[in-house]
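All residue numbers refer to positions in the sequence shown, counting from 1.
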Amino acid sequence: MENAPIRTEVDGITFLSTGHYYEGINQWVAHKLKEGDIGCYNFAAKQMAKMLPKNAVLVPIPGRHGKADQTLHLCRDIASYTCLPVVDALRGKDRESQYEAKYKGHSLTEEQLGFHKVVSLPSDRIPYLIDNVVDTGTTAKAAVKALGGGVVLSYAMSDTLLDKENQRSSGMRL
């Protein structure tokens, strides 16, 4: 069964994903992306490439060491299918990963992530910030803010961000 693409808007930012983190093989692929599995990069890139417009520019979201590693690799693989430009435009602080922080019971703040723009983007293109997984959206939102706008595209999305948006839409308090 193929994933159903996800599109949601949270805090004025559009989030796109190829599917839910807990559906099918998505969780496995997401973990293999973190491990650097070449076949999984290729698989994820093919799926993500289908969701991009021709006027996009791919911007990898920096990882725990303040620069894009796995996401830059993913962007380059996506570009091999789309011929879209890749601009490694963001840097951040060297820190623990958001995954580790959440495992310890807290989420990193925008200040702890420390994202800032280091390179200008082409003015005639829409920035698509690339990540392997979006959970709460905190990292992606901080990256979009540092870049000055853009759309977030991830391979997989957990229900955390979607549940928050559904609760807001229905008037429930978080």
Stepwise side-chain contact (heavy atoms from CB on, under 4.5 Å) check, Y155 with M48: CA-CA 6 Å; Y155 169 70; M48 295 169 78; 3.9 Å; yes

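- Atoms CG and OG1, from L52 and T82 in turn, are 6.0 Å apart once rounded to the nearest 0.5 Å.
- For the pair K34 and D37, the salt-bridge criterion is not met [side-chain N within less than 4.0 Å of a carboxylate O].
- The backbone N or O of P5 lies less than 3.5 Å from no partner atom in the side chain of T18, so there is not a single donor-acceptor pair.
- Side chains of H20 and N26: no donor on one and acceptor on the other come within 3.5 Å.
- Counting only heavy atoms from C-beta outward, the side chains of V86 and V57 never approach each other to under 4.5 Å.
- No donor-acceptor pair under 3.5 Å is formed between the side chain of R125 and the backbone N or O of L84.
- A143 approaches F115 most closely through the heavy-atom pair N-CD1, 3.4 Å.
- Taken from CZ in R95 to CD in Q112, the straight-line distance is 9.0 Å, to the nearest 0.5 Å.
- Using the six-membered ring where Trp is involved, Y41 and H73 have ring planes that are parallel, under 30° apart on the 30 and 60° scheme.
- Partner of I61 under the side-chain contact (heavy atoms from CB on, under 4.5 Å) criterion, out of L113, V134, T139: T139 alone.
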Criterion side-chain contact (heavy atoms from CB on, under 4.5 Å) on T14 and R7, from CA distance to verdict: CA-CA 7 Å; T14 300; R7 177 186 169 87; 3.5 Å; yes

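- Contact of the V152 side chain with the V144 side chain is registered, since non-hydrogen atoms from C-beta on lie closer than 4.5 Å.
- Linking ILVMFWY side-chain heavy atoms closer than 4.5 Å, directly or via other members, places W28 and Y22 in two distinct hydrophobic clusters.
- At a threshold of 4.0 Å, the pair K93-E111 does not count as salt-bridged, since none of the basic side-chain nitrogens sits closer than that to a carboxylate oxygen.
- Checked by atom type, the side-chain pair D131/T71 shows no donor-acceptor distance below 3.5 Å.
- Between V119 and D88, every side-chain heavy-atom pair lies at or beyond the 4.5 Å cut-off.
- Among all heavy-atom pairs drawn from P85 and A56, the shortest one is CD-O, 3.7 Å.
- Looking at heavy atoms from C-beta onward, C75 lies out of side-chain contact with Y128 at the 4.5 angstrom threshold.
- Both I126 and I78 are part of a single hydrophobic cluster, where members link through side-chain heavy atoms under 4.5 Å apart.
- Looking at H65, its side chain never comes within 3.5 Å of a backbone N or O of G63 through a donor-acceptor pair.
- Expressed to the nearest 0.5 Å, how far CG of L129 lies from CG of L16 amounts to 11.5 Å.
- With hydrophobic clusters built from ILVMFWY side chains whose heavy atoms lie under 4.5 angstrom apart, V29 does not share a cluster with Y21.
- The shortest distance between side-chain heavy atoms of V87 and P122 falls below 4.5 Å.
- Taking the side chain as every heavy atom from C-beta outward, Q70 and N132 never approach each other to under 4.5 Å.
- Shown here for M51 and S17, the closest heavy-atom pair between the two residues is CE-O, 3.3 Å.
- Expressed to the nearest 0.5 Å, how far CD of Q27 lies from NZ of K32 amounts to 13.0 Å.
- A salt bridge links D11 to K141: one of the charged nitrogens lies within less than 4.0 Å of a carboxylate oxygen.
- Proximity of P127 to V151: side-chain heavy atoms (C-beta onward) are nowhere separated by under 4.5 Å.
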I25/F43 under side-chain contact (heavy atoms from CB on, under 4.5 Å): CA gap, chis, key distance, verdict: CA-CA 11 Å; I25 64 169; F43 176 80; 4.1 Å; yes

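- Distance check: F15 CZ to L161 CG gives 5.0 Å after rounding to the nearest 0.5 Å.
- Heavy-atom contacts from other residues, nucleotides or ligands closer than 6.0 Å to NZ of K46 number 12 or fewer.
- Atom CG of L58 and atom CG of L153 lie 8.5 Å apart (nearest 0.5 Å).
- Hydrophobic clustering, with ILVMFWY side chains joined whenever heavy atoms are under 4.5 angstrom apart, groups L108 together with I13.
- Counting heavy atoms from C-beta on, the side chains of V59 and I130 never come closer than 4.5 Å.
- Taking hydrophobic clusters as Ile, Leu, Val, Met, Phe, Trp and Tyr residues chained together by side-chain heavy-atom distances below 4.5 Å, V133 does not share a cluster with V10.
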